[in-house]
2 protein chains.
Amino acid sequence: MPQHDAHARLAVSTVIFALSPDDAGAAGGTAGDLAPGRPASLRIPLVRRLREPGLGRWALPGGWLPVDEALDAAAARTLHETTGLAPAYLEQLYTFGEPDRSPGERVVSVVYWALVHSDEVLRAVSDENVRWFDEDALPDLAFDHAAVIGYALARLRTKLEYSRIAHALLGETFTMAELRQVHEAVLRRRLDPANFRRTMESSGTLVDTGERLAGTRHRPPALYRFDPARTPVTSPTSAGPPHAASVTAPAPPATGTHSKDTP
Amino acid sequence: MPQHDAHARLAVSTVIFALSPDDAGAAGGTAGDLAPGRPASLRIPLVRRLREPGLGRWALPGGWLPVDEALDAAAARTLHETTGLAPAYLEQLYTFGEPDRSPGERVVSVVYWALVHSDEVLRAVSDENVRWFDEDALPDLAFDHAAVIGYALARLRTKLEYSRIAHALLGETFTMAELRQVHEAVLRRRLDPANFRRTMESSGTLVDTGERLAGTRHRPPALYRFDPARTPVTSPTSAGPPHAASVTAPAPPATGTHSKDTP
DNA sequence: GCAAAAGTGTTCTCCATACACCCATGG
DNA sequence: CCATGGGTGTATGGAGAACACTTTTGC
């Protein structure tokens, strides 16, 4: 890797989160078919590096920043090119720029994190070079990407507490139990169904669709939807101008190629 | 400004906050001499641009990122070069990269925010091209720097609520009233002295020095110090590896020059 | 009817707020 | 002694945790 000028190179990468649909099992039902019994978990798609440095290891999807493209647009584009996904939520995470984080060349990476709807996941690319990993079973990662993912997880957890972003991991409608499972998967602890229900209902972000989910083994639960008026409540910090581009994202041109080679 | 390659240029800038010492008035006393009566306010040092684009307007201190320098080191260095200050707290804020934010050239700015002790401020450079502005009386700013500062303010306010960073705006010792004034200045609202005291005392981060501040018109208040063991509590998000370099900062070589010309 | 999940009600504790009140000092 | 801020005590209200309880379905 030659270093042909005196500047650092700028890359954009994204940590993508989705809810485990417990193997690519049967379609139909509600959002991503969350098993009612055991807890769901977070999954992260990674791409295999096809070049040095880090050849063969797994890395975050991303790419070099084109001169004329906005940062968030580049994140959404590379994300879509590598995984075929369109994010329901996309926000800048952190910019990593230690001089030695990529061997041979100075690379500064602007890292984003994204959430995708569970029903989007079925559409996702998955082959030899793109694979989904469970949050707590990540492979050997290239560069500092293990640390990057760890940081993204921490941010997701703290953000869930004061924001209402869990819906970005679900489909259009969902049961109260499914919503609770999202929180449980993210926070990695059990929540009291009764208290969770009350908290959510009093938050004013939920709308009861009136419908009920049939086909369960027992009493059919109500189906909810997020109030589109209130939903884009991203964060209290969004008093400023930048920050999260909540809800439906760019999703540009769409070539099916997935490769890329950036820290 | 010629565009001699196909990359964006990388700059590092810093939003610096200090507490108003109400004009560069008399030295001595406690931390920065906060007037007991009226509320303190936040002040921000800005540098005048000496070149196009934005010639003559005020901007954040910063500079281009050298190939071999870490991001936070570059922030601390440029900060020190332009203002003569050493930050007590330094944390990455956000990376701004809209394609059109700087006319003529694509510039991506990694922006940091810093807090400096009030007794540091006396040491600060202040001349024709470096001046301190009150948070709510900012001048006409170059580039998107007005928005950047607004975002930094929002972050400072929300961060103060769950973190203990107020000490970075004070001197070595301080009274409970001074600490409260920091919070009041940052949050822009009055706080109940009684409840504030209890909250702080039960947080376990304060140490009573045993001394009292003489020379006040009335009952002499106790002087406190921050518990150095507990102080570096930066944030709950610091579960990851990057994030804030709390407390005493780098403060590198130190040339006295202040100029720079980056968005 | 029985198992299991949906959904409701009640209590308790913790913590932030409001505010009444005493303490110490300079003038 | 009195004005002023330092410092303490106490009541109230809302949010969350714990948990007993009723409801509704499939089998």
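If you're wondering where the values come from, they're calculated on a predicted model, not measured in any experiment. Residue numbers start from 1 in every chain, and the chains themselves are labelled A, B, ... in the order their sequence lines are given, proteins ahead of strands.
If you check the side chains of A:Thr173 and A:Thr209, you find no donor sitting under 3.5 Å from an acceptor.
Here C:dC23 presents its P atom at 20 Å from CE of B:Met176, a figure rounded to the nearest Å. A:Tyr224 has its OH atom 5 Å from the P atom of C:dG7, to the nearest Å. Between the CG atom of B:Leu187 and the P atom of C:dT17 there is a distance of 11 Å, rounded to whole Å. Separating the CD atom of B:Glu178 from the P atom of D:dG5 is a distance of 14 Å, rounded to the nearest angstrom. Nucleotide C:dA6 holds its P atom 11 Å from the CZ atom of A:Arg212, rounded to whole Å. In this structure, B:Phe196 atom CZ and D:dG9 atom P are separated by 19 Å, rounded to whole Å. Rounded to a whole Å, the CZ atom of B:Arg189 is 12 Å from the P atom of C:dA16. One atom, CG of B:Leu206, and another, C1' of D:dG7, lie 15 Å apart when rounded to the nearest Å.
Among the nucleotides C:dT25, D:dA18, D:dT24, the one closest to any side-chain atom of B:Arg219 is C:dT25. With D:dG16, C:dA18, D:dT25 as the choices, the nucleotide that has an atom nearest any side-chain atom of B:Arg198 turns out to be C:dA18. Of the candidate nucleotides C:dC19, D:dT25, D:dG5, C:dC19 has the atom lying nearest to any side-chain atom of B:Asn195.
Between atom CZ of residue B:Arg43 and atom CH2 of residue B:Trp132 there is a gap of 8.0 Å, rounded to the nearest 0.5 Å.
Among the protein residues, A:Thr216 comes within range of the sugar-phosphate backbone only, with heavy atoms under 4.0 Å from sugar or phosphate atoms but none that close to a base.
Comparing A:Ala194 and A:Pro220 against DNA chain D, the residue whose closest nucleotide sits nearer the 5' end is A:Ala194.
Side-chain atoms of B:Asp192 and base atoms of C:dA16 include no donor and acceptor less than 3.5 Å apart.
The phosphate of D:dT4 (OP1 or OP2) has no side-chain N or O of B:Arg217 nearer than 4.0 angstrom.
Test A:Arg157, A:Arg190, A:Arg189 against A:Glu184 for salt bridge (Lys or Arg N to Asp or Glu O under 4.0 Å) and you get one pass: A:Arg190. Shown are B:Tyr89, B:Tyr94, B:Tyr151; of these, the ring pair (Phe, Tyr, Trp, His ring centres under 6.0 Å) with B:Trp113 is made only by B:Tyr89.
Ion pairing between a basic and an acidic side chain is recognised when a charged N comes within 4.0 Å of a carboxylate O; B:Glu201 and B:Arg198 show no such pairing.
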